[in-house]
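These numbers were taken from a predicted model, which means no experiment stands behind them.
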Amino acid sequence: MKVGIAGLGRMGSAFARRLLEASYELGVYNRTPQRADEFVERGATRVASPTDLWGETGVVICMVADPHALEEVTLGEGGLLSGSAPSGTVVSPPSGAVLIDMSTVSVESSRRVADAAVERGVAYLRAPVSGNPTVVEAGNLSIMVSGERAAYERVEEVLKAIGPSVFYLGEGEQARVLKLALNLMVAGTAQLMAEALVLGEANGLERGTMLEVMGRSAVGSPFVKYKTPPLLKDDYATTFSTTLMYKDLELVLDAANGAGVPLPVTATVQQLLQSCMSTGMADIDFMSLLPRLRREAGLDPSPPAG
C-alpha cells in the first residue's frame, strides 16, 4: 500500500520513517519542500500540493502544528478537501479515500474538517497521538482514533506500523477530547515535578536523589522516568516546546468552556507557561516550568538555553 503524508515536521518525519521501515511506499508533501528530501532519496514521491497526494494514494495522513495549519492543508487552496490543485485542476479523491489527521487540534476545527470530508466523500479519522519523536522511533507511540469504524478497520494496520498501541474510541470527536485530557495531565505533572524538585533543592536535597525516589514511588510514571535523564543534566532541548504546550492548554480550555467544565489547575499552569514564554523560554522544552520556579525561588537567576 502507498500512503500519503502531509506535514513533515519532527513528528510527521518520524511517522514517515516508521512507515518506510514497514515497507510502505510514500507520497509526501511539506510546505517547505526540502524537508521531503530525505524521503525522496529513499523512494518517496514528492508532490506540489496536499491535494496532489490523492493522485498517489487513497490514504493520507496529516500531521501539522495547530488548528490553523490543519484547516489550511485540508480546506485551503490546494488542500486535501478543497477539490482543486493550485493550478486550477479539479482533483477528486479516489473512491474509499481515508483522511487520517494525527495533529492535536481543537474540537471545533476538527468538526469543520469532518463536514468538508463528508461533502467530498472522504472518510475522516481523528487520530491524535501520545508521545514525541523519540517515542515514535522506539515503537512505543499510543494512538487514539475516532471516526467511521469501517474506515478505521481499513487503515488499522497502517496506524499500527506507526505506533503499536491503537485505541478506537467512537464515531465522533472522542479522540480529540481524550488527547487534550492527556496533555492536561502531562502539563500538570510537569508543574508538580517542578514544585517538588524546587522544594527539595531549597532544603538541601539533591535532584538526582529526588528523581530516583519519585520514579520508584507511588507517583512514579513513564513521564517522570522519561524526564529524569535530561533534568539531571539541566538539558531543556525541546521534545515538546513551551509554546506548543501553551497552545495545547488553550485548546483544552476552549473545549472545557464549550462543555461548561471548570479547569482551574489547567488555567493556572497555562499562565505559568505564558510566564516562561515571556522570559525567553518559549522555544525550549515545556519543562521550562522548573527553571522558571527555580528563578522565582532565588535558586537560579538566569534562564536555561535549549
Quick one: are [X] and [Y] in side-chain contact, heavy atoms under 4.5 Å?
X	Y	value
T243	L273	no
T279	R295	yes
Y124	V118	no
S106	D254	no
V113	L99	yes
V219	V224	no
K247	T104	yes
E171	S146	no

Checklist entry - Counting only N and O atoms by type, is there a donor-acceptor contact under 3.5 Å from the side chain of W54 to the main-chain atoms of L80? => result yes
Next on the checklist: Any side-chain to backbone donor/acceptor pair from T45 onto G27? Under 3.5 Å, distance only.
Outcome noted: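 No; judged by distance alone, with no hydrogens or angles, the pair does not exist.
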Item to check | Test applied, side-chain contact (heavy atoms from CB on, under 4.5 Å); reference residue, R46; option that passes from D52, V40, L8 | outcome: V40
Checklist entry - Among N257, L184, V269, whose side-chain contact (heavy atoms from CB on, under 4.5 Å) with L263 holds? => result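 The single option meeting the side-chain contact (heavy atoms from CB on, under 4.5 Å) with L263 is L184.
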Nearest-0.5 Å distance that lies between atom [atom1] in [X] and atom [atom2] in [Y]:
X	Y	atom1	atom2	value
M277	Q270	CE	CD	9.0 Å
S110	L251	OG	CG	11.0 Å
T57	K2	OG1	NZ	8.0 Å
L231	L197	CG	CG	6.5 Å

With a 4.0 Å cut-off on N to O distance, would you call [X] and [Y] a salt bridge?
X	Y	value
E212	R216	yes
D101	R176	yes
D234	R207	yes

Checklist entry - F240 ring centre to K227 NZ or CZ under 6.0 Å, with the angle to the axis within 45°? => result no
Checklist entry - Given R292 and L272, is the side-chain contact (heavy atoms from CB on, under 4.5 Å) satisfied, shown in steps? => result CA-CA 8 Å; R292 185 208 68 81; L272 296 173; 3.6 Å; yes
Next on the checklist: Filter on side-chain hydrogen bond (donor to acceptor under 3.5 Å, both in side chains), then keep only pairs touching residues 14-34, sequence neighbours left out; what's left?
Outcome noted: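 Qualifying pairs: R17-E38.
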Checklist entry - Given the rule in the side-chain contact (heavy atoms from CB on, under 4.5 Å) test, do I162 and I61 qualify, once you have shown the distances and angles that lead to the verdict? => result CA-CA 11 Å; I162 296 171; I61 293 168; 3.7 Å; yes
Next on the checklist: Is it true that S288 and T242 share a donor-acceptor pair across their side chains at a distance under 3.5 Å?
Outcome noted: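 S288 and T242 do have a side-chain donor-acceptor pair below 3.5 Å.
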Checklist entry - Are S241 and D283 close enough that a side-chain donor and a side-chain acceptor fall under 3.5 Å? => result no
Item to check | Contact summary for A161 and L19, nearest pair of heavy atoms | outcome: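 Taking A161 first and L19 second, the nearest heavy atoms are CB-CD2, 4.0 Å.
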Item to check | Residues, nucleotides or ligands: over 12 heavy atoms within 6.0 Å of E156 CD | outcome: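 Buried by this count: over 12 neighbours within 6.0 Å.
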